[in-house]
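Start at 1 and go down the list; that is how both ligands and their atoms are numbered.
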Amino acid sequence: MRWSVTKLVAAAALGWEIVLCACAAGPEVPAPPASGSRNVILVTIDTLRVDHLSTYGYPRPTSPALDRLAARGVRFAAAFSAASCTAASHASLLTGLPASLHTIGPFNGTFPLAPGAETLAEVLAAAGWKTAAVVSNPVLARSLGLDQGFAVYDDELPEQELNRPSAEQKAGTAIAKAEAILGTLARPYFLWLHLQDPHGPYAPPPGWERFDSAEGAAATAELPVGEDQSGYGAIPLYQRLGEERRTAAYVDRYDDEIAYAMAELGRFLDHLDGAGRLADTLVVVTADHGEALGEDGFYFAHGHSVGPDQVRVPLVLAGPELAAGQVVTVPVSTAAVFNTVLAALGLPPRADDRAPSLLPLLAAGGEAPPVFVESPNQVGVAVAGAFFRRDRVPADDERFWSAPNPTTGGFWRPLGRQLMPLMPVATPPQPADLEPLLDGFERRARRAEQAMRTVRRQRDLSYQDRAALRALGYTG
Ligand SMILES: [Zn+2]
């Protein structure tokens, strides 16, 4: 199927109305499929850039658990998150929609998900699945609205971040909660487990400082500590690790955090596997966004653009219906998890603006629809062969560029246009081919923005939420 600009624009004309009305008729309630997956475990790992995973070719052994999962399932080599910040990206994952078409938008929690939105958990709960979530980032507190459809939504964060009065929890704590919940959860179930560890500050638990870039010139490059959280040419305030200023040491600790989270995830999955509980379970592992490690001049930060450093994420699926060891190279969006899970469970997909199921790509290969990614200041599109991004705001619009970035506390910076190759194709797409796709997407986004003015409201934050988000540099 070809996804032309005409089709995208035509879909846009219907998009928001479909979103608002999608749950009116209520999902059908078929019997669970006789074979294939009955249970679903969705794991999202915060701030996990794909090229720091051994599963995706990183030379350090950071992700042996994901290596094992990919060996018995499917690895998507060019997966993109829908946005480069936590709230927007998770909302797309759980609704299947581009960020502009849900009420959270490309922002990091300024607005909640509208009660009328239809989430994956709501669809599954209505079809008879037991639902539970454990989240580890204060941005995902239930006031964001992503708790819709979860009978259990554990957003209690018993631990303290290194530099800020901000709550969090380590992977070990989150997984202990998940194990306790699974012990009481009737089948079939849908469990969403969110792990926070690679998100800064990069402070792995005791015993997990394992990587060491002591050799080479790169190990001696240093950065100052910045005055805000933006990370532009400096270490974000909340990321500082004592007197350490060497950039390579920060990357070491980032890799340590990944290795720790992956080790905990591996222990969790191995335990379930040993108990025979993965035989009828679809496991999905992905991330909400990556992390800049110097790209565009930004260090140890995300949410300031849609650069590949921030939107290229892992996506691995394993389940009884999936042949082992497959690799899909065409670009896909993590927003497709919504319909992919429904398809795997034998439930009817939502044929609206949501990203279609990825399962047909496995059966027949072929073309996938364009993948769009967003931040408030940038928009990008990935197609076979290339990823193209551009600013959403003219470079001379000082009203935007002088406004603080609510995600980082720093200021937006114009980054212009950039075309980046993905996998080799016979005729690599050029900017002239991709600009019209972004134009159509932006028209749809603007129409949605207009429609949402009547349904969007400011997030109803608790005192604790406000303190936590202020500590993250969020000022909205
Ligand atoms: Zn995040």
Side-chain angles (χ1 to χ4, degrees), residues 42-50 52-53 79-95 99 102 104-113 133-146 155 157 161-162 164 166-171 174 192-203 229-231 236 238-239 254 257-258 261-262 265 284-293 298-315 333-335 337 373-376 405-409 459 465 468-469 471-474 476:
L42 167 64
V43 181
T44 58
I45 304 179
D46 218 287
T47 320
L48 185 58
R49 59 181 279 167
V50 71
H52 277 242
L53 296 171
F80 289 76
S81 58
S84 57
C85 63
T86 306
S89 175
H90 276 102
S92 290
L93 224 154
L94 293 173
T95 64
H102 55 62
I104 288 175
F107 310 105
N108 201 30
T110 308
F111 310 104
L113 190 67
V134 176
V135 299
S136 307
N137 184 330
V139 169
L140 299 174
R142 65 182 62 230
S143 61
L144 186 62
L146 296 187
D155 59 355
L157 304 179
E161 247 189 41
L162 180 65
R164 303 180 288 190
S166 182
E168 66 166 8
Q169 65 189 356
K170 298 288 187 193
W192 170 33
L193 170 65
H194 166 267
L195 304 179
Q196 172 78 346
D197 301 81
H199 193 291
Y202 311 141
Q229 314 290 13
S230 73
Y238 87 102
Q239 290 272 25
Y254 176 63
E257 292 265 38
I258 294 171
M262 284 292 175
L265 177 61
V284 181
V285 178
T286 187
D288 59 347
H289 52 77
E291 182 87 318
L293 299 176
F298 286 87
Y299 289 85
F300 321 136
H302 51 265
H304 51 268
S305 79
V306 295
D309 49 305
Q310 296 160 78
V311 297
R312 291 289 301 273
V313 293
L315 178 61
S333 172
T334 58
V337 166
V373 298
E374 299 176 69
S375 60
N405 175 343
T407 304
T408 69
R459 187 176 182 184
D465 288 341
L469 292 174
L472 285 166
Y474 171 90

Verify whether one side chain among D288 and T86 offers a donor that lies under 3.5 Å from an acceptor in the other.
yes

Checking E291 against T47 for the side chain to side chain donor-acceptor pair (under 3.5 Å) test, could you report, in this order, the C-alpha distance in whole Å, the side-chain angles of both residues, the deciding distance, and whether it holds?
CA-CA 6 Å; E291 182 87 318; T47 320; 5.1 Å; no

Please find out if the Zn ion (ligand 1) and some N, O or S atom of H289 are separated by less than 2.8 Å.
yes

Does any N, O or S atom of N137, backbone or side chain, fall under 2.8 Å from the Zn ion (ligand 1)?
no

Polar side chain donor-acceptor pair, H102 to S92, under 3.5 angstrom
yes

Measure from the Zn ion (ligand 1) to every N/O/S atom of D288 and report the name of the nearest one.
OD2

What N/O/S atom of D46 gets nearest to the Zn ion (ligand 1)?
OD1

Would you say E374's side chain and P106's backbone share a donor-acceptor pair under 3.5 angstrom?
no

